[in-house]
Number of protein chains: 2
Amino acid sequence: MANMNHEGEQKFEKKNIRPTSMRKLIYRILSEKDQAMSLYEIEQQFDQVERSTIFRTLRVFQDNCLIHLIYDGTGAVKYALCDDDCSCGINDLHIHFLCSSCGNNYCLKELPVPYMDLPEGYTFENANFVIRGICPDCQ
Amino acid sequence: MANMNHEGEQKFEKKNIRPTSMRKLIYRILSEKDQAMSLYEIEQQFDQVERSTIFRTLRVFQDNCLIHLIYDGTGAVKYALCDDDCSCGINDLHIHFLCSSCGNNYCLKELPVPYMDLPEGYTFENANFVIRGICPDCQ
DNA sequence: TAATATTTTGCAACACTGTTGCGCTCTTAA
DNA sequence: TTAAGAGCGCAACAGTGTTGCAAAATATTA
Ligand SMILES: [Mn+2]
Ligand SMILES: [Mn+2]
Ligand SMILES: [Zn+2]
Ligand SMILES: [Zn+2]
């Protein structure tokens, strides 16, 4: 992935995110690991960084649909890069898989969150569907 | 619900939970509010109690399938009473609904978590499916 | 019943995650 | 070159969850 930085910058431009060095670094970390990461896991990839800087960077990414958030019940929010064509809408929602063994959280982008016929009076806005089990690597 | 305590004690006996006074109180609080509650919300129902006692009580309840846990992304785990016939297995999984407006978390027990055909190598153990939107009360 | 063992509770302290204020630094625009 | 704005690092803090330990309550045994 020699052109990773370049790719990242293209995305930044597309989503109107100013490409600072921290942002490029964090983008690269997220893209190199193709699984959802927690803030702490991202922090571990640096020798020395500030939680707060990462936190605010992730917020910028989130606000501009570069990443999506997953609540998998581990206590820490997970972050994963959006697809190129993602608009962070209902149609982009997909299932996430948390491995009970290794703790990895996989974006199953080929599995969209199924449509649910809600009871009268409930309006759908968003969904968080996490399946827990054993991943291929841990079988 | 005059026989609430009695009901609770029956459940305790059925699930082999010793019916201490704290447990009866916490059971009653959960049954009076028919929505999932956080530890903090339960704590608020008392004049003075110990987080840790509630925490450990909830753990006993969870270990004995009296309650189930919901991770709705609010930061705090939610707890809700199980149905009488619940065995905390795959068939008992249901969708939860978090209202963006009032913050209430509803157990939609009539909506089971749908079966998902996972990619090769992934094994299903558990699921957490939370839909976010506006509830009937807030429409 | 009295003594002993077990369980539960209250208190305190702590760990982890997320969040914000503030001033310095760096980038951008005039 | 200077001024304005945005981003960053540092520190402090809030919210949630968790544990050790001793006192209290309860169950068990003598
Ligand atoms: Mn994803
Ligand atoms: Mn429920
Ligand atoms: Zn795994
Ligand atoms: Zn509502």
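So that the names make sense, note that chain A is the first sequence line, chain B the second, and so on, each numbered from 1. Keep in mind the model is a prediction, meaning the values are calculated, not measured.
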Bounded by its outermost nucleotides with an atom under 4.0 Å from a heavy atom of chain A, the footprint on DNA chain C reads C:dT17 to C:dT28
Assign each of A:Pro19 and B:Thr20 the nucleotide of DNA chain C bearing its closest heavy atom; nearer the 5' end lies the nucleotide of B:Thr20
To the nearest angstrom, the CD-P distance between B:Glu50 and D:dA24 comes to 15 Å
Checklist entry - Counting only heavy atoms not in A:Asn91, do more than 12 fall under 6.0 Å of its CG? => result no
Subject >> B:Arg23 and B:Thr57: side chain donor to acceptor below 3.5 Å >> reply: no
Side-chain N or O of A:Arg18 closer than 4.0 Å to phosphate OP1/OP2 of D:dA6: no
- Query: Do A:Leu118 and B:Ile70 belong together in a cluster built from hydrophobic side chains that touch within less than 4.5 Å?
  - Reply: no
* A:Met116-B:Ile90 co-clustered via ILVMFWY side chain contacts under 4.5 Å -> yes
In whole angstroms, the gap separating C1' of D:dA6 from CZ of A:Phe12 amounts to 15 Å
Whether each nucleotide of nucleotides 15-22 of chain D has a protein heavy atom under 4.0 Å at its base (B), only at its sugar-phosphate (S) or at neither (-) is summarised, 5' to 3', as -SSSBBB-
Item to complete: Would you check, one step at a time, whether the test side-chain contact (heavy atoms from CB on, under 4.5 Å) holds for A:Lys78 with A:His96?
Response: CA-CA 10 Å; A:Lys78 300 282 177 69; A:His96 292 90; over 6 Å; no
Would you call the rings of A:Tyr106 and B:Tyr122 parallel, tilted or perpendicular, where under 30° means parallel and over 60° means perpendicular? perpendicular
- Item | Check against salt bridge (Lys or Arg N to Asp or Glu O under 4.0 Å), A:Lys11 and A:Asp84 | CA-CA 8 Å; A:Lys11 282 208 186 185; A:Asp84 285 339; 3.1 Å; yes
Between NZ of B:Lys24 and P of D:dA25 the distance, given in whole Å, is 15 Å
Run the side-chain contact (heavy atoms from CB on, under 4.5 Å) test on B:Lys24 and B:Phe12 for me, step by step, so that the C-alpha distance in whole Å, both residues' side-chain angles and the decisive distance to 0.1 Å come before the verdict.
CA-CA 9 Å; B:Lys24 286 190 271 187; B:Phe12 286 164; 3.7 Å; yes
